[in-house]
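Working notes, structure below.
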Amino acid sequence: MKATPTTMALRTLKSLNKHHKSLLLSQQQRRGAPFSTTVDLPRITERRPNESGRGGRASDAGVKVALFGATGFLGRYVSSGLGSNGTLTYIGTRGDEFAYRHLRPHHELGRAKFSYYSSRDKQSMADIIADADIVINLIGKYYDTKALENVDKFPFLNYKVSTSVWEANVDVPKTIAELCTEMQVDNLIHVSSAAANADSSSEWARSKAEGEKEVLKAYPWATIVRPTQMFGHEDKLLNTFARMAERFPVIPLVDGGHALTQPVYVDDVARTINRIVDDPEMFEGRRVDCFGPQDYSYAELAKFVYDITEQEPTLADVPAEVVKYGAKVLQYEGNPMMTPDMVDLQTEDYLPEMTAEKYAAQKQLGKVFTMKDLGVEATPIEKIAFKYLYRFRKGGHFIHAEGYH
């Protein structure tokens, strides 16, 4: 939907009202007033039976959201949450109908609009954003998308990069933030990463840090969501260990797998984002960190996965530089399970900035929020992992039950 003079006039009025509310909020913070979150949430999200007020798929939440990156791992869960709350959602997609048809059942008929866009066509992105109150950016990539092209010299074929990690993690978020400022969008939610670090050895982690910086530069009021590694049915964390064991008898643990990670359930992150959508002004210019209840080494995660799947690969302590030789070959797969940059990422801890105790001890002014502040309890990995890892067992889980054969 294109922006019209009427739309822009309404945006100006909303912007003035929003500015007035932010001034009141700032005054309350300076006076030391408590910054309430869990008391006020949820207003729309997750309505229970017999509760009064708005909520539910067939309702109208009174909010219009533009969603970029909906077809990704986190995106499908965010889309489902928006649809469950009756949010009118404009979903940007770069693929055909088969790329996003699994998102259609998330929304009531007429409550979602799917629009094609190109990340290099600013106007196509503006058309998606035009009528939105809130923009959510979930776009990200951990590997360069490559395609074969013909060349004149031997071997007459060359891999060209169609979309780089830097473009997906920096340039596209920057463009979205600039459009949100130009079009006076009320709120922007940008999903970054807990691993974002300008000094990281991983290009992906550096690009995430740079993308976050560019977003805040273009739209200083953006809400930044920083999850740790996410696990869930479609993840590339636990599933990768199991898939590698199907293909290889020996599984390399990068530098012994001693680096730590604190995985968070993807649906917990999606619920957190939906609760921000519920009252976005409360989180303007703030950061929300999402992390699981416990940290693990990669070696511990590998053993945990194989305990569930009953696969018996040999776990080998292999230096990162040696693992990269195999990763250089695997990176040319269509959806690579390992790249050299992912090896670099596994040499570093992938943890939240603080411990849970330090997050809780923060002062209200300038506080970094966590899922708990929004009423979302972190789900332990043990409660979810079996549901999607047991399929890697030979014979499934029925081989352990009598009476089926």
Which atom of [X] lies closest to which atom of [Y], heavy atoms considered:
X      : Y      : result
Gly232 : Tyr265 : CA-CE1, 4.3 Å
Met338 : Gln346 : CE-NE2, 4.1 Å
Lys64  : Tyr90  : CD-OH, 4.0 Å
Ala168 : Pro173 : O-CD, 3.3 Å
Pro380 : Pro293 : CA-CG, 3.9 Å
Tyr350 : Ser193 : OH-OG, 2.8 Å

Step by step, work out the salt bridge (charged side-chain N to carboxylate O under 4.0 Å, His left out) result for Asp268 and Arg271. CA-CA 5 Å; Asp268 290 343; Arg271 288 170 59 204; 3.6 Å; yes
Near [X] [atom1], under 6.0 Å, is it more than 12 heavy atoms from other residues, nucleotides or ligands?
X      : atom1 : value
Lys303 : NZ    : no
Leu148 : CG    : yes
Tyr325 : OH    : no
Arg111 : CZ    : yes
Asn335 : CG    : yes

Let me know which of [options] forms a side-chain contact (heavy atoms from CB on, under 4.5 Å) with [X].
X      : options                        : answer
Ile224 : Val368, Val191, Leu216, Val288 : Leu216
Val254 : Val322, Val323, Val318         : Val323
Pro263 : Thr228, Ile384, Leu237         : Leu237
Asp349 : Thr261, Asp295, Leu260         : Leu260

With Glu167, the salt bridge (Lys or Arg N to Asp or Glu O under 4.0 Å) member among Arg120, Lys174, Lys141: Arg120
[Y] and [X] side chains, donor-acceptor separation under 3.5 Å:
X      : Y      : value
Glu234 : Tyr77  : yes
Ser200 : Glu348 : yes
Asp341 : Ser202 : yes
Asp255 : Thr347 : no
Ser79  : His107 : yes
Arg391 : Asn239 : yes
Asp235 : Tyr388 : yes

Walk me through it: do Phe283 and Asn187 pass the test side chain to side chain contact (heavy atoms under 4.5 Å, CB included)? CA-CA 9 Å; Phe283 305 97; Asn187 302 98; over 6 Å; no
Is any NZ, NE, NH1 or NH2 atom of the basic residue among [X] and [Y] found under 4.0 Å from an Asp or Glu carboxylate oxygen of the other?
X      : Y      : value
Glu246 : Arg243 : no
Glu353 : Arg287 : yes
Glu312 : Lys394 : no

Main-chain N/O of Thr145 paired with Ser162 side-chain donor or acceptor, under 3.5 Å: yes
Decide yes or no on side-chain hydrogen bond (donor to acceptor under 3.5 Å, both in side chains) for Asp289 and Thr370, but give the supporting numbers first. CA-CA 5 Å; Asp289 287 0; Thr370 65; over 6 Å; no
Before you tell me yes or no, could you show the steps for Tyr332 and Tyr159 under ring pair (Phe, Tyr, Trp, His ring centres under 6.0 Å), namely the whole-Å CA-CA distance, both residues' side-chain angles and the distance that decides it to 0.1 Å? CA-CA 9 Å; Tyr332 290 103; Tyr159 267 109; 5.0 Å; yes
